[in-house]
Each structure stands twice: as C-alpha cells, then as structure tokens.
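Values in this document were obtained by computation on a predicted structure and should not be read as measured data.
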Amino acid sequence: KAKIKRGVNMSYVRTIPYHEAHGELKATYDQMLQERGLVTNVQAVSGIRPHLVKTLYSHIKSVMGSEFGLTPAEREMIATVVSVVNKCQY
C-alpha cells in the first residue's frame with residue numbers, strides 16, 4: 001500500500017492508459033474521448049476489466065446526461081457532496 005501525505009493508507013489500482021488499451025477497452029476509451037474529451041480516472045481504474053468500463057460509462061452517461069430533472073451543474077454538485085460525505089478522496 002502506498003502512503004499519502006496525511007498518513008492514510010491507500011491501495012494502488014493499476015490503470016490501463018490509452019496507449020496500452022486495445023479491443024473493447026480502446027473502443028470505450030475512444031468513445032469517451034469523442035463524447036467528453038477525456039478518460040477520467042474513475043473509469044480508468046476499471047481498465048483491467050473492459051466490460052466494467054463500458055458498463056460504468058453507460059451508467060454515468062445515463063445518470064449525468066439525462067435531460068430531465070436536474071441541471072448538469074446540480075448533478076455535479078450532488079456528486080461532489082456525496083463524495084465528501086463518503087470521505088472519498090477522489
């Protein structure tokens with residue numbers, strides 16, 4: 001386990017960078033890049049299981065991209081608050 005400055009133990013999760021991706025993972029990364037302009041670490045940490053990256057990305061698009069109800073800014077604000085409440089360091 002790696003240590004961060006505050007002394008909290010953090011697990012290391014291997015990601016697969018774009019230049020190492022192939023097959024289904026590369027196709028999903030390409031889709032993310034085309035639609036959002038980036039591959040976030042939240043999705044990249046699942047890179048060793050390409051089907052999970054694809055499923056997670058579809059879910060995020062569904063939740064965050066819906067045109068009904070909340071604005072994109074409100075959704076991001078809720079996601080931020082939930083992360084803080086859960087003590088997510090991400």
Student: Could you pull out the closest heavy-atom pair between Gly47 and Tyr29, with the gap in Å?
Tutor: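 That closest heavy-atom pairing would be CA-OH, 4.3 Å.
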
Student: Is there a donor-acceptor pair under 3.5 Å between the side chain of Arg14 and the backbone N or O of Ile48?
Tutor: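 Side chain of Arg14 to backbone of Ile48, a donor-acceptor pair under 3.5 Å: no, none is there.
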
Student: Of the non-hydrogen atoms in Leu52 and Ser46, which two are nearest, and what is the gap between them?
Tutor: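 Here Leu52 and Ser46 meet closest at CB-CB, 4.2 Å.
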
Student: Tell me the closest heavy-atom pair linking Val63 and Arg75, and the distance in Å.
Tutor: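 Nearest pair, atom of Val63 first, then Arg75: O-CD, 3.6 Å.
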
Student: To the nearest 0.5 Å, how far apart are CG in Leu25 and CD in Glu20?
Tutor: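 With rounding to 0.5 Å, CG (Leu25) is 10.0 Å from CD (Glu20).
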
Student: List the atom of Gln43, the atom of Val53, and the distance in Å for their closest heavy-atom pair.
Tutor: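 Minimum heavy-atom separation between Gln43 and Val53: O-CG2, 3.6 Å.
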
Student: Grouping I, L, V, M, F, W and Y whenever their side-chain heavy atoms are under 4.5 Å apart, do Met32 and Met64 come out in a common cluster?
Tutor: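 No: no chain of side-chain contacts under 4.5 Å links Met32 to Met64.
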
Student: Give a yes or no on whether the backbone of Glu24 and the side-chain of Thr28 come within a donor-acceptor separation of less than 3.5 Å.
Tutor: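 Yes.
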
Student: Answer yes if Leu33 and Val45 sit in the same cluster of Ile, Leu, Val, Met, Phe, Trp and Tyr residues linked by side chain heavy atoms under 4.5 Å apart, and no otherwise.
Tutor: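 Not linked; separate clusters.
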
Student: Is there a chain of hydrophobic side chains (I, L, V, M, F, W, Y, each step under 4.5 Å between heavy atoms) that links Leu70 to Val82?
Tutor: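 Yes; Val82 is reachable from Leu70 via cluster members.
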
Student: Looking only at heavy atoms, which two atoms of Leu56 and Val42 are closest? And how far apart?
Tutor: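 Reported closest heavy-atom pair: CD2-O, 3.7 Å.
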
Student: How close do Gln31 and Lys61 get, counting heavy atoms only, and between which atoms?
Tutor: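 Minimum heavy-atom separation between Gln31 and Lys61: NE2-NZ, 3.0 Å.
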
